[in-house]
Amino acid sequence: MGCIAMPSYARAPKVWRSDFERGLADWGPLHNQWGLDNHRWLVDPAVSGQLLRVLIRKGSIDPGSMVRRGLPRSGSGFKAALVPAGSISATLRYRVRFPADFEFVRGGKLPGLYGGLGNSGGHIPDDDEGFSSRLMWRERGDGEVYAYLPSSKVYGTSLLRGAFRFTPGQWHSVAQHVWLNSAGQADGSVAIELDGRLVGRQGGLVFRQSDRLVINGVFFDCFFGGNDDSWAARADTYVDYAEFELSTPAVGGR
């Protein structure tokens, strides 16, 4: 994968960090949480504090489909409103590791940023109710930003697909930078770093229709899917997470 020079915006002041020393206690109130029973807390000398291991069962897909089938949900998800009020740009960093024998199948969800309701699950944003910009893994470990935007059709919009790739058995450091658009303009953007290298940026995005919608926090999601069995996990597996942090420029800054 190629890389481009790291710009200064990647070093905005840090406003929050969690090494999972106290589990999720320093994440504040959680919203829309599910799958917390699939969490395991472990120590690894390669990371600070603890790591969060999210368990995923063979045959599982997205949580809504599992509920409709009367089956346990696999993986986990929640939202945490951790970004300072009024922020229109933010950076989320974390470390992620897939086990050495991980089968990526067609893909699955990873944490990202959100605003408002943090739309997902086929709920396309209406006016300024919300947006989300989770990451995804895809076939062979290709990565992308999977965004729910006002322009999305049926499901989310794939951005920067294949601009970076995850390697099973290896800790990766991921950073997602989001800049919301000015009302009435298509000047929003998203950029991704992988292991300290800026691997892609996409501009010309519309996250919102007015200045009322801002970035609110972290949308943690981890599951296979997609909503049919072509996405299903082929074996019992897991994904490891560590060292989350948020950075923002001065409130309202770009």
Side-chain angles (χ1 to χ4, degrees), residues 1 32 34-35 38-39 52-79 92 94-114 118-125 131-149 151-172 174 176 190 192-195 199-200 202 205 218-241:
M1 296 293 171
N32 307 120
W34 62 273
N38 294 323
H39 291 185
L52 168 58
R53 176 163 292 178
V54 178
L55 305 181
I56 302 173
R57 298 179 188 87
K58 179 180 179 180
S60 63
I61 51 176
D62 78 279
S65 294
M66 298 302 285
V67 169
R68 287 188 290 273
R69 295 178 180 189
L71 297 171
R73 292 178 292 189
S74 244
S76 185
F78 56 85
K79 297 184 180 79
L92 170 64
Y94 58 90
R95 297 183 71 187
V96 61
R97 179 177 64 183
F98 300 91
D101 59 353
F102 192 84
E103 294 185 77
F104 291 101
V105 195
R106 292 187 62 192
K109 304 302 191 297
L110 295 167
L113 293 165
Y114 82 94
N119 297 55
S120 64
H123 185 187
I124 307 302
F131 71 89
S132 63
S133 60
R134 294 168 295 173
L135 301 190
M136 283 192 72
W137 76 81
R138 292 285 191 171
E139 295 92 342
R140 301 176 302 279
D142 284 353
E144 69 171 47
V145 177
Y146 186 69
Y148 270 75
L149 307 171
S151 59
S152 297
K153 308 294 184 185
V154 186
Y155 295 108
T157 300
S158 295
L159 306 172
L160 300 175
R161 184 183 293 196
F164 55 104
R165 179 171 289 177
F166 298 108
T167 301
Q170 174 181 327
W171 277 110
H172 289 290
V174 177
Q176 179 191 66
V190 62
I192 296 294
E193 292 176 49
L194 186 71
D195 299 327
V199 292
Q202 183 157 340
L205 301 176
V218 179
F219 189 165
F220 187 102
D221 245 353
C222 180
F223 59 87
F224 277 76
N227 61 1
D228 66 60
D229 289 334
S230 67
W231 297 82
R234 292 175 179 162
D236 289 346
T237 190
Y238 61 86
V239 182
D240 290 336
Y241 298 93

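None of the values given here were measured: they were computed from a predicted structure. Just so it is clear, the values below take in all heavy atoms, side chains as well, and ignore hydrogens, waters and symmetry mates.
- Ring pair H172/F166 is perpendicular by interplanar angle, where above 60° counts as perpendicular and below 30° as parallel.
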Exercise. Can Y114 and S133 be said to form a side chain to side chain contact (heavy atoms under 4.5 Å, CB included), step by step?
Worked result: CA-CA 6 Å; Y114 82 94; S133 60; over 6 Å; no
For this session: Walk me through it: do F78 and V218 pass the test side chain to side chain contact (heavy atoms under 4.5 Å, CB included)?
Result: CA-CA 8 Å; F78 56 85; V218 179; 5.9 Å; no
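- Not a single donor-acceptor pair under 3.5 Å links the side chain of K109 to the backbone N or O of R134.
- In this structure the side chain of Q170 reaches within 4.5 angstrom of the side chain of D195, judged on heavy atoms.
- With a 4.5 Å cut-off on side-chain heavy atoms, R138 and R106 do not count as touching.
- Annotation: side chain of L55 is not in contact with side chain of V239 (no heavy-atom distance under 4.5 Å).
- One finds the CD1 atom of I124 at 7.0 Å from the OG1 atom of T157 (value rounded to the nearest 0.5 Å).
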Exercise. So F220 and K79, side chain to side chain contact (heavy atoms under 4.5 Å, CB included) or not? Walk me through it.
Worked result: CA-CA 6 Å; F220 187 102; K79 297 184 180 79; over 6 Å; no
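- Note that CZ of R234 is 13.0 Å distant from CG of D101, once rounded to the nearest 0.5 Å.
- If you take OG1 on T237 and CD on E103, they are separated by 8.5 Å, rounding to the nearest 0.5 Å.
- In this pair, Y146 and Y148 present their aromatic rings perpendicular. The plane angle is above 60°, beyond the 30 to 60° band.
- For the 3.5 Å distance criterion, the side chains of Y155 and N227 qualify, holding a donor opposite an acceptor.
- Looking at V174 and E193, their side chains never come closer than 4.5 Å, going by heavy atoms from C-beta outward.
- The side-chain heavy atoms of L160 and E144, taken from C-beta on, include no pair separated by under 4.5 Å.
- At least one donor-acceptor pair under 3.5 Å links the side chain of Y94 to the backbone N or O of P111.
- In this structure, the separation between CG on N119 and CZ on F131 is 10.0 Å, given to the nearest 0.5 Å.
- Without hydrogens or angle criteria, S76 side chain to W34 main chain gives a donor-acceptor distance under 3.5 Å.
- Between the OG atom in S65 and the CZ atom in R73 there is a gap of 12.0 Å [rounded to 0.5 Å].
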Problem set entry | From CA spacing to verdict: side-chain hydrogen bond (donor to acceptor under 3.5 Å, both in side chains), S60, R57 | CA-CA 6 Å; S60 63; R57 298 179 188 87; over 6 Å; no
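- Residue A100 comes nearest to P168 through the heavy atom pair O-CB, 3.6 Å, listed as atom of the first residue, atom of the second, then distance.
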For this session: Evaluate the side chain to side chain contact (heavy atoms under 4.5 Å, CB included) criterion for residues L113 and V190: first the C-alpha distance (whole Å), next the side-chain angles of each, then the deciding distance (0.1 Å), finally the verdict.
Result: CA-CA 11 Å; L113 293 165; V190 62; over 6 Å; no
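- Listed here is the closest heavy atom pair of I61 and R69: CD1-NH2, 3.6 Å.
- Between Y238 and I56, the closest side-chain pair of non-hydrogen atoms is not below 4.5 Å.
- Looking at Q176 and V145, their side chains come closer than 4.5 Å, going by heavy atoms from C-beta outward.
- Judged purely by atom type and a 3.5 angstrom limit, S132 has no side-chain atom pairing as donor or acceptor with the backbone of A147.
- Ion pairing between a basic and an acidic side chain is recognised when a charged N comes within 4.0 Å of a carboxylate O; D240 and R97 show such pairing.
- K58 places none of its side-chain heavy atoms less than 4.5 Å from the side chain of S74.
- To the nearest 0.5 angstrom, S158 atom OG is 11.5 Å from D142 atom CG.
- For the ring-ring contact (aromatic ring centres under 6.0 Å, His included) criterion with F224, the lone passing option out of F102, F98, F104 is F102.
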